[in-house]
Amino acid sequence: VAIYNPANSVVMTTEMSTYTSSSGTTKDQMKPAEATLADGKLTTTAENVALFKLETVDGVTTFQTEDGKYLYADGTNVRLVDTESEYTGFVLEDTTGGQFIKCATAQFGGKAQYIEYFASKSVFSVFGMGDDTSIYTFAFYELNNGGTSDPDPEPTPDPEPTPDPE
């Protein structure tokens, strides 16, 4: 499934963005792609959408890509990594219109950290929950990448019957 932020109609991609502060510290973030939702499936022109298999064990969910990478959030960075660690586990919390993705272990200043869609910077980031919960609300959908289907396809002709051997 793709991670979709309904408030901004975007999905998480595998493209990375690195923010560098004025003090020189860096922060890894993931870029979005525009998407539309119809009939429970997402449509996007992006070819680099991060698609995940979700696995939940004892209330902790991991997001793993087809090529084996894990979604990672350590309270500062959001990225894909090769190996499972304490920062690849998340707790999904139900909310109106979707779920919050809370880092199972990452905290900053004693405050739980959540995946967010930081719209003014156009990145998926990690931060403590603020007042505008729409940027922390996500839903998980399959991609509608099958193209357009012909509503009335031409019928396939029946093969010529084979005569019975006598």
Side-chain angles (χ1 to χ4, degrees), residues 1-19 25-130 132-146:
V1 294
I3 297 176
Y4 176 68
N5 176 248
N8 293 284
S9 299
V10 294
V11 291
M12 183 183 285
T13 71
T14 57
E15 185 178 351
M16 297 300 302
S17 170
T18 301
Y19 168 77
T25 60
T26 61
K27 180 176 183 171
D28 290 338
Q29 304 165 116
M30 296 177 75
K31 291 194 167 198
E34 291 183 10
T36 55
L37 178 64
D39 299 324
K41 290 202 176 183
L42 293 170
T43 302
T44 181
T45 58
E47 295 182 10
N48 60 344
V49 174
L51 294 175
F52 297 100
K53 174 185 168 193
L54 279 62
E55 184 176 340
T56 303
V57 176
D58 296 329
V60 176
T61 300
T62 55
F63 294 78
Q64 188 176 22
T65 63
E66 187 175 83
D67 63 354
K69 295 194 181 298
Y70 292 89
L71 182 62
Y72 169 101
D74 64 4
T76 300
N77 301 287
V78 174
R79 61 172 81 114
L80 296 175
V81 297
D82 293 326
T83 56
E84 205 170 348
S85 76
E86 68 179 303
Y87 297 120
T88 58
F90 300 89
V91 176
L92 303 180
E93 299 176 347
D94 291 335
T95 187
T96 303
Q99 295 181 308
F100 299 134
I101 306 173
K102 181 174 94 174
C103 303
T105 58
Q107 292 197 356
F108 185 81
K111 189 173 181 183
Q113 299 295 287
Y114 290 80
I115 300 290
E116 67 172 354
Y117 177 66
F118 192 24
S120 66
K121 299 288 185 189
S122 295
V123 292
F124 287 86
S125 185
V126 61
F127 207 75
M129 179 87 61
D132 179 5
T133 59
S134 69
I135 67 172
Y136 301 95
T137 302
F138 298 98
F140 311 113
Y141 294 101
E142 292 181 11
L143 279 185
N144 183 17
N145 57 1

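For reference, positions follow the sequence shown, starting with 1.
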TODO: Please report the closest heavy-atom contact between Thr13 and Ala33, naming both atoms and the distance.
DONE: CG2-CB, 3.6 Å
TODO: Mind listing the closest non-hydrogen atom pair of Thr96 and Thr137 along with its distance?
DONE: O-CG2, 3.8 Å
Open item on the list: Under the side chain to side chain donor-acceptor pair (under 3.5 Å) test against Arg79, which residue among Asp74, Thr14, Asp28, Thr18 passes?
Closed with: Asp28
Task: pair Asp82-Lys69: side-chain heavy atoms closer than 4.5 Å - done: yes
Task: Nearest-0.5 Å distance that lies between atom CE in Met12 and atom CG in Asn5 - done: 10.0 Å
Task: Pairwise distance CE(Met129) to CD(Glu93) - rounded to 0.5 angstrom - done: 6.0 Å
Task: Side chain proximity check, Val57 to Glu55, heavy atoms < 4.5 angstrom - done: yes
Open item on the list: Measuring only between side-chain heavy atoms, which start at C-beta, is Tyr136 closer than 4.5 Å to Phe127?
Closed with: yes
TODO: Please determine which of Phe124, Phe90, Tyr70, Phe138 meets the ring pair (Phe, Tyr, Trp, His ring centres under 6.0 Å) test together with Phe63.
DONE: Phe90
TODO: Report yes if the side chains of Leu71 and Ile3 come closer than 4.5 Å at any heavy-atom pair, otherwise no.
DONE: yes
TODO: Verify the neighbour count for atom CD of Glu34: are there more than 12 heavy atoms of other residues, nucleotides or ligands below 6.0 Å?
DONE: no
Open item on the list: If I compare all heavy atoms of Thr44 with all of Leu143, which pair ends up nearest, and what's the gap?
Closed with: CG2-CD2, 4.0 Å
Open item on the list: What's the separation between atom NZ in Lys102 and atom CD1 in Ile115, rounded to the nearest 0.5 Å?
Closed with: 13.0 Å
- [ ] Could you grab the distance from atom NZ of Lys53 to atom CD of Gln64, nearest 0.5 Å is fine?
- [x] 7.0 Å
TODO: Go through the steps to decide whether Tyr72 and Leu80 satisfy the test side-chain contact (heavy atoms from CB on, under 4.5 Å), and finish with yes or no.
DONE: CA-CA 6 Å; Tyr72 169 101; Leu80 296 175; over 6 Å; no
Task: Contact check, side chains of Phe140 and Leu92, non-hydrogen atoms, under 4.5 Å - done: yes
Task: Non-hydrogen side-chain atoms of Thr105 and Tyr87 separated by less than 4.5 Å - done: yes
Task: For Thr88 against Thr62, the heavy-atom pair lying closest together - done: O-CG2, 3.5 Å
- [ ] Could you please spell out the steps behind the side-chain contact (heavy atoms from CB on, under 4.5 Å) verdict for Tyr117 and Ser122?
- [x] CA-CA 7 Å; Tyr117 177 66; Ser122 295; 3.8 Å; yes
TODO: State the CD-CD distance between Gln113 and Gln107, to the nearest 0.5 angstrom.
DONE: 8.0 Å
TODO: Taking the side chain as every heavy atom from C-beta outward, state whether Met16 and Met30 have any pair of such atoms under 4.5 Å apart.
DONE: yes
Task: Minimum heavy-atom distance Val60-Gly89, with the two atoms named - done: CG1-CA, 3.6 Å
Task: Closest non-hydrogen atom pair between Ala73 and Val78, with its separation - done: CB-CG2, 4.3 Å
- [ ] Would you check if Val126 and Cys103 make a side-chain contact, meaning some heavy-atom pair closer than 4.5 Å?
- [x] yes
Open item on the list: For the NZ atom of Lys41 and the CG atom of Leu37, what is their distance to the nearest 0.5 Å?
Closed with: 11.5 Å
